[in-house]
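First the structure, in the form of structure tokens, and then the observations on it.
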Amino acid sequence: MTTNVRVGVDVLLRERFHRLAQHPRYRALLFTQDELGQAPAGASPQRVEEYLAGRFAAKEAVAKVLGTGFLRGIVWHDIEVLRDRLGGPSVTLRKGARRVAEENRLSDISVSITHQGPVVVSVAAGLSS
């Protein structure tokens with residue numbers, strides 16, 4: 001059996017994300033309650049926005065690993081990016097995203113998020129057998 005690595009990358013300018021981050025309705029559409037709950041408490045609005053932009057980019061990168069983007073029944077809440085016990089990002093797939101991953105025998109999706117000034121980058125990788 002052959003194992004393939006699937007990679008997705010997303011680059012986001014924070015200024016393009018700013019309007020989404022400011023609007024409570026968009027926040028609720030894009031992020032789960034747990035993701036919003038893990039935003040840095042007591043941090044500046046800019047730091048919270050940076051955190052959310054990282055999660056947004058990670059979800060986009062994971063959707064690319066799935067091979068569909070946000071199509072075929074995948075919605076934003078189907079991909080959840082939370083901090084693991086060491087503080088790094090960890091991905092959980094639900095509903096449509098989990099179904100697509102299972103159909104493609106895709107497992108072990110990992111993500112990395114980095115911020116540099118106005119730019120946020122996320123890389124996601126998964127194994128497909």
Side-chain angles (χ1 to χ4, degrees):
M1 179 183 314
T2 303
T3 299
N4 298 306
V5 177
R6 296 175 71 160
V7 177
V9 177
D10 192 66
V11 178
L12 175 66
L13 289 174
R14 282 184 44 204
E15 67 188 48
R16 295 192 68 197
F17 179 74
H18 178 75
R19 193 172 67 213
L20 293 175
Q22 298 304 309
H23 200 289
R25 181 170 176 233
Y26 289 133
R27 280 187 185 205
L29 177 70
L30 298 171
F31 304 104
T32 67
Q33 286 298 313
D34 287 340
E35 287 169 323
L36 293 171
Q38 281 193 349
S44 70
Q46 293 82 12
R47 175 62 189 111
V48 172
E49 182 177 304
E50 179 182 68
Y51 164 85
L52 292 175
R55 272 41 192 182
F56 182 90
K59 289 175 182 236
E60 287 277 4
V62 169
K64 291 171 184 172
V65 167
L66 293 173
T68 61
F70 284 94
L71 299 172
R72 291 180 50 191
I74 298 176
V75 298
W76 292 97
H77 282 214
D78 291 353
I79 301 170
E80 185 176 57
V81 183
L82 297 174
R83 284 191 302 268
D84 66 15
R85 62 183 176 78
L86 298 175
S90 176
V91 176
T92 301
L93 301 179
R94 295 191 172 85
K95 299 180 182 178
R98 171 170 265 177
R99 179 185 46 77
V100 169
E102 288 171 353
E103 287 172 1
N104 291 297
R105 297 196 321 240
L106 186 61
S107 63
D108 300 323
I109 296 177
S110 297
V111 296
S112 179
I113 301 168
T114 189
H115 311 268
Q116 182 65 42
V119 178
V120 178
V121 177
S122 182
V123 176
L127 298 176
S128 176
S129 57

What closest approach, in Å, do [X] and [Y] show between heavy atoms, and which atom pair accounts for it?
| X | Y | value |
| --- | --- | --- |
| Phe56 | Leu12 | CD2-CD2, 3.8 Å |
| Ile113 | Ala58 | CD1-CB, 3.9 Å |
| Val65 | Gly126 | CG1-N, 4.0 Å |
| Ala53 | Arg14 | CB-CG, 4.3 Å |
| Ala101 | Leu66 | CB-CD2, 3.9 Å |
| Arg6 | Asn104 | NH1-CB, 3.7 Å |

Side chain of [X], backbone of [Y]: donor and acceptor closer than 3.5 Å?
| X | Y | answer |
| --- | --- | --- |
| Ser110 | Ala124 | no |
| Asp84 | Leu86 | yes |
| Arg105 | Ser128 | no |
| Asp78 | Gly96 | yes |
| His77 | Ala28 | yes |
| Arg83 | Glu35 | no |
| Glu15 | Pro118 | no |
| Ser122 | Ser112 | yes |

So, do [X] and [Y] sit near enough that their side-chain heavy atoms are less than 4.5 Å apart?
| X | Y | value |
| --- | --- | --- |
| Ser44 | Arg47 | yes |
| Phe17 | Leu52 | yes |
| Tyr51 | His115 | no |

Transitive ILVMFWY side-chain link [X] to [Y], under 4.5 Å:
| X | Y | result |
| --- | --- | --- |
| Val91 | Leu127 | no |
| Val48 | Leu20 | yes |
| Val123 | Val120 | no |
| Val9 | Val5 | yes |
| Leu36 | Leu30 | yes |

- With Gln22, which residues qualify under side-chain contact (heavy atoms from CB on, under 4.5 Å), at least two apart? His18, Glu49
To the nearest 0.5 Å, what is the distance between [atom1] on [X] and [atom2] on [Y]?
| X | Y | atom1 | atom2 | value |
| --- | --- | --- | --- | --- |
| Asp34 | Thr92 | CG | OG1 | 9.5 Å |
| Leu106 | Asn4 | CG | CG | 10.5 Å |
| Thr32 | Ile79 | OG1 | CD1 | 11.5 Å |
| Thr68 | Ile74 | OG1 | CD1 | 3.0 Å |

- Aromatic ring proximity, centroids under 6.0 angstrom, Phe31 and Trp76: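 No, the ring of Trp76 stays outside the 6.0 Å limit from the ring of Phe31, centre to centre.
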- Note: Lys64-Asp10 ion pair, threshold 4.0 Å (strictly below): yes
- Indicate yes or no: does Arg99 engage Glu102 in a salt bridge with an N to O separation below 4.0 Å.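 Looking at Glu102 together with Arg99, the answer is no, because their closest N to O distance does not fall below 4.0 Å.
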- Message: Quick check on Tyr26: does its OH atom have over 12 non-hydrogen neighbours (other residues, nucleotides or ligands) under 6.0 Å away?
- Response: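 Counting neighbours around OH of Tyr26, 12 or fewer heavy atoms of other residues, nucleotides or ligands fall under 6.0 Å, so no.
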